[in-house]
K.L.:
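Below is the structure I would like to discuss, written out as structure tokens.
For ligands, and for the atoms within them, numbers begin at 1 and follow the listed sequence.
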Amino acid sequence: MKSIPLHVKILIGLILGVLWGIISVSAEINPDFTTHYISPIGALFIALLKMVAMPLVLASLVVGVASMNDFKKLSRIGGRTMAIYICTTMLAISVGLGLVNLIKPGNQLPEATRENLMNLYAQNVASKVETASTLEQQSPLQPVVDIVPENLFYALTNNTQMLQVVFFAVIFGIALVRMSAQKKDFVVNFFDGVNDAIIIIVDFIMLLAPLGVFALIGTLIVEVAGNDLGKALDLLKSLLWYSGTVILGLLAILLIIYPAIFTSFTKIKYRKFFKSVRQAQLLAFSTSSSNATLPVTMKNCEENLGISREVSSFVLPLGATINMDGTSLYQGVAAVFIAQALNIPLSLQDQLIILLTATLASIGTAGVPGAGIVMLIIVLEAIHIPVAGISLILAVDRILDMCRTVVNVTGDMTVAAVIDQAERKQTAKDQENQLKAMV
Ligand code: ASP
């Protein structure tokens with residue numbers, strides 16, 4: 001008998017998780033049962049993924065950079081990756097701004113709901129504002145200073161320090177290229193072995209994915225719905241226009257923009273791409289975290305799409321930290337939605353400020369659940385909108401976080417495919433030129 005493919009099992013886990021959540025809330029099963037016995041399975045699954053993320057980034061990037069053998073290639077890949085990341089982010093925000101100005105979801109929000117939401121979430125807002133204001137007090141150049149890890153071992157033990165580890169691994173890889181072949185090979189072979197071992201561990205972890213996804217989704221529904229599913233659904237309904245606008249934008253990116261990028265810059269059919277990356281997409285949806293999904297994102301890209309390790313090991317960890325197309329689109333829509341709901345008119349200049357600040361904010365957003373809404377505060381402050389306005393959208397943020405994380409991760413993989421294709425073309429051209437020079 002043919003065994004069920006993993007992505008189908010994960011999907012079944014997801015559906016069962018939704019069912020569990022609904023049954024548990026409507027049959028009034030004590031939520032403590034879910035919190036004590038189901039939630040830890042999801043937490044365990046995420047912890048396993050996080051456990052391998054940092055060693056995988058270090059090992060694969062060291063091997064990737066050391067195998068490039070030439071500094072020109074590294075700077076070319078780096079330059080192109082950054083340029084495409086920024087362009088896709090700005091494009092995503094523009095799509096979001098276009099849609100929110102067209103649909104005007106903020107005008108659909110009844111006055112009573114607005115007041116209700118503002119009262120309900122006022123307290124949650126305060127803690128998020130505090131985090132954002134600590135970030136704002138920094139110098140604008142602080143993020144550049146932060147890229148350099150003061151202590152490598154500290155960075156390696158802290159999952160929020162991905163960019164710092166990327167920085168070290170690139171420098172370490174370059175240093176290796178400068179060493180004698182004998183010494184270099186010894187170190188590179190070591191990291192290569194570590195990398196392969198971790199990929200095998202990722203396979204083990206993925207066996208747990210269906211159960212992990214079941215637990216994550218089941219717990220989420222029980223937590224969000226509390227003891228009144230009807231009330232939670234009413235809240236969702238009142239924000240349907242807003243959520244619909246964000247989801248429409250995300251779908252436009254997934255189904256129009258990325259396929260267009262694929263047809264223009266690679267030979268990969270988008271259908272094949274979708275099939276190859278669905279595990280990563282399902283995980284992004286269930287974990288709401290680009291960082292936790294990273295080991296599977298890298299595996300899908302290398303094994304299913306044939307993207308070279310030198311490209312995937314550089315482009316993907318960088319993308320998980322700085323490239324967030326879904327988040328930036330959401331920040332654009334949310335900022336304008338709040339302004340509309342609070343009857344604050346926005347000029348064209350304000351919308352341009354949103355474009356710029358949301359680009360920077362999404363770069364600064366960490367690949368963890370709920371990070372996007374904290375950075376949204378910075379966008380709101382830039383256009384002088386009361387940050388208390390985020391209480392209007394908090395109720396649906398968790399669901400939208402799941403959806404935008406799928407786009408964030410898909411965007412990283414799209415760019416990795418484009419860069420890989422460009423590198424292959426460049427290598428073929430270089431070889432041709434070399435041959436010509438020899439003749
Ligand atoms: N959860 C998102 C991610 O990990 C970030 C966010 O938008 O909150 O990509």
Side-chain angles (χ1 to χ4, degrees), residues 42 45-47 49-50 53-54 57 85 88-89 92-93 95-96 124-125 127-129 131-132 135 159-163 166 213 216-217 220 224 242-243 245-247 249-250 253-254 258 277 279-298 300 315-335 337-338 354 357-380 390 393-416:
F45 176 60
I46 294 200
L49 284 171
K50 286 188 179 165
M54 207 48 114
V57 168
Y85 275 163
T88 51
T89 301
I93 306 172
V95 170
N124 299 28
V125 175
S127 71
K128 296 198 190 303
V129 171
T131 322
L135 288 171
N159 275 328
T160 59
Q161 303 260 312
M162 193 82 80
L163 216 52
V166 167
V213 166
L216 287 170
I217 303 288
L220 180 74
V224 171
Y242 159 70
S243 321
T245 311
V246 174
I247 291 175
L250 295 177
I253 306 268
L254 274 184
Y258 291 155
V277 303
Q279 275 183 12
Q281 287 179 326
L282 280 169
L283 277 196
F285 184 77
S286 343
T287 61
S288 288
S289 168
S290 307
N291 283 3
T293 313
L294 184 62
V296 182
T297 315
M298 291 174 79
N300 280 181
V315 177
L316 296 172
L318 199 66
T321 1
I322 67 163
N323 183 48
M324 313 254 166
D325 297 344
T327 300
S328 59
L329 177 137
Y330 141 85
Q331 285 168 341
V333 174
F337 168 78
I338 294 172
I354 296 182
T357 45
T359 304
L360 294 176
S362 77
I363 291 176
T365 305
V368 296
I373 199 159
V374 174
M375 299 307 276
L376 174 64
I377 294 174
I378 294 175
V379 180
L380 292 178
I390 63 166
I393 56 169
L394 269 171
V396 282
D397 202 63
R398 191 65 175 82
I399 306 255
L400 295 182
D401 193 3
M402 296 158 84
C403 303
R404 62 189 189 239
T405 309
V406 174
V407 174
N408 290 347
V409 168
T410 311
D412 300 340
M413 297 190 282
T414 305
V415 175

K.L.:
For atom 2 (C) of ligand 1, what is the closest protein heavy atom, and at what distance to 0.1 Å?
P.N.:
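Protein heavy atom with the smallest distance to atom 2 (C) of ligand 1: T405 OG1, 3.3 Å.
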K.L.:
What is the distance from atom OG of S328 to atom CG of L376, rounded to the nearest 0.5 Å?
P.N.:
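Answer for the OG-CG pair, S328 versus L376, is 12.0 Å.
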K.L.:
For ligand 1, is there an N or O atom under 3.5 Å from any N or O atom of A366?
P.N.:
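There is no such contact.
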K.L.:
I'd like to check the side chain to side chain contact (heavy atoms under 4.5 Å, CB included) partners of A53; sequence neighbours left out, ordered by chain and number.
P.N.:
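In terms of side chain to side chain contact (heavy atoms under 4.5 Å, CB included), with neighbours along the sequence ignored, A53 is linked to P295.
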K.L.:
For atom 9 (O) of ligand 1, which protein heavy atom lies nearest, and how many Å away is it?
P.N.:
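The protein heavy atom lying closest is S290 OG, 2.4 Å.
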K.L.:
Which ligand 1 atoms are under 4.0 Å away from a heavy-atom of S289?
P.N.:
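Near S289, meaning under 4.0 Å from one of its heavy atoms, ligand 1 has 4 (O).
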K.L.:
Are the side chain of S289 and the backbone of G367 linked by a donor-acceptor contact shorter than 3.5 Å?
P.N.:
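Yes, the answer is positive, given that a donor and an acceptor are paired below the 3.5 Å cut-off.
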K.L.:
In Å and rounded to the nearest 0.5 Å, what is the CG to CD distance from N408 to Q281?
P.N.:
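If we round to the nearest 0.5 Å, N408:CG and Q281:CD are 12.0 Å apart.
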K.L.:
Would you mind checking which non-hydrogen protein atom is closest to atom 8 (O) of ligand 1, with the distance to 0.1 Å?
P.N.:
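For this ligand atom, the closest protein heavy atom is G372 N, 2.7 Å.
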K.L.:
T327 heavy atoms, cut-off 4.0 Å: which ligand 1 atoms fall inside?
P.N.:
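Heavy-atom distances to T327 below 4.0 Å select 5 (C), 6 (C), 7 (O).
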K.L.:
Shortest non-hydrogen contact from L250 to G326?
P.N.:
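Residues L250 and G326, closest heavy atoms: CD2-CA, 3.6 Å.
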K.L.:
Given I373, V368, V409, which one has a non-hydrogen atom that is nearest to atom 5 (C) of ligand 1?
P.N.:
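Ranked by closest heavy atom to atom 5 (C) of ligand 1, first place is V368.
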K.L.:
Under 4.0 Å from a heavy atom of N408: give me the atoms of ligand 1 that qualify, with their elements.
P.N.:
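Answer, ordered by atom number: 2 (C), 3 (C), 9 (O).
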K.L.:
Which atom names give the shortest non-hydrogen contact between A284 and T293, and what distance separates them?
P.N.:
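Minimum heavy-atom separation between A284 and T293: CA-OG1, 3.5 Å.
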K.L.:
Give the atom numbers and elements of ligand 1 that come within less than 4.0 Å of a heavy atom of A371.
P.N.:
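Within the 4.0 Å cut-off of A371, ligand 1 contributes 8 (O).
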K.L.:
For ligand 1, is A284 a contact, meaning one of its heavy atoms is under 4.0 Å away?
P.N.:
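Outside the 4.0 Å threshold, so no.
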K.L.:
Once rounded to the nearest 0.5 Å, what's the spacing between atom CZ of R404 and atom CE of M324?
P.N.:
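The CZ atom of R404 sits 10.0 Å away from the CE atom of M324.
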K.L.:
Run the numbers for me: atoms of ligand 1, each under 4.0 Å from some heavy atom of G370, listed by number.
P.N.:
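The atoms of ligand 1 under 4.0 Å from a heavy atom of G370 are 8 (O).
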K.L.:
Please find the pair of heavy atoms, one from A361 and one from Q331, that lie closest to each other, and give the distance.
P.N.:
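The pair with the smallest heavy-atom distance is CB-OE1, 3.8 Å.
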K.L.:
If you measure every N or O of S288 against every N or O of ligand 1, does any of those distances drop under 3.5 Å?
P.N.:
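Yes.
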K.L.:
For F337, which residues count as a ring-ring contact (aromatic ring centres under 6.0 Å, His included) partner, sequence neighbours excluded?
P.N.:
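Result, ring-ring contact (aromatic ring centres under 6.0 Å, His included) vs F337: Y242.
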K.L.:
Using a 4.0 Å cut-off to any heavy atom of M324, which atoms of ligand 1 qualify?
P.N.:
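Counting atoms of ligand 1 from 1, those under 4.0 Å from M324 are 9 (O).
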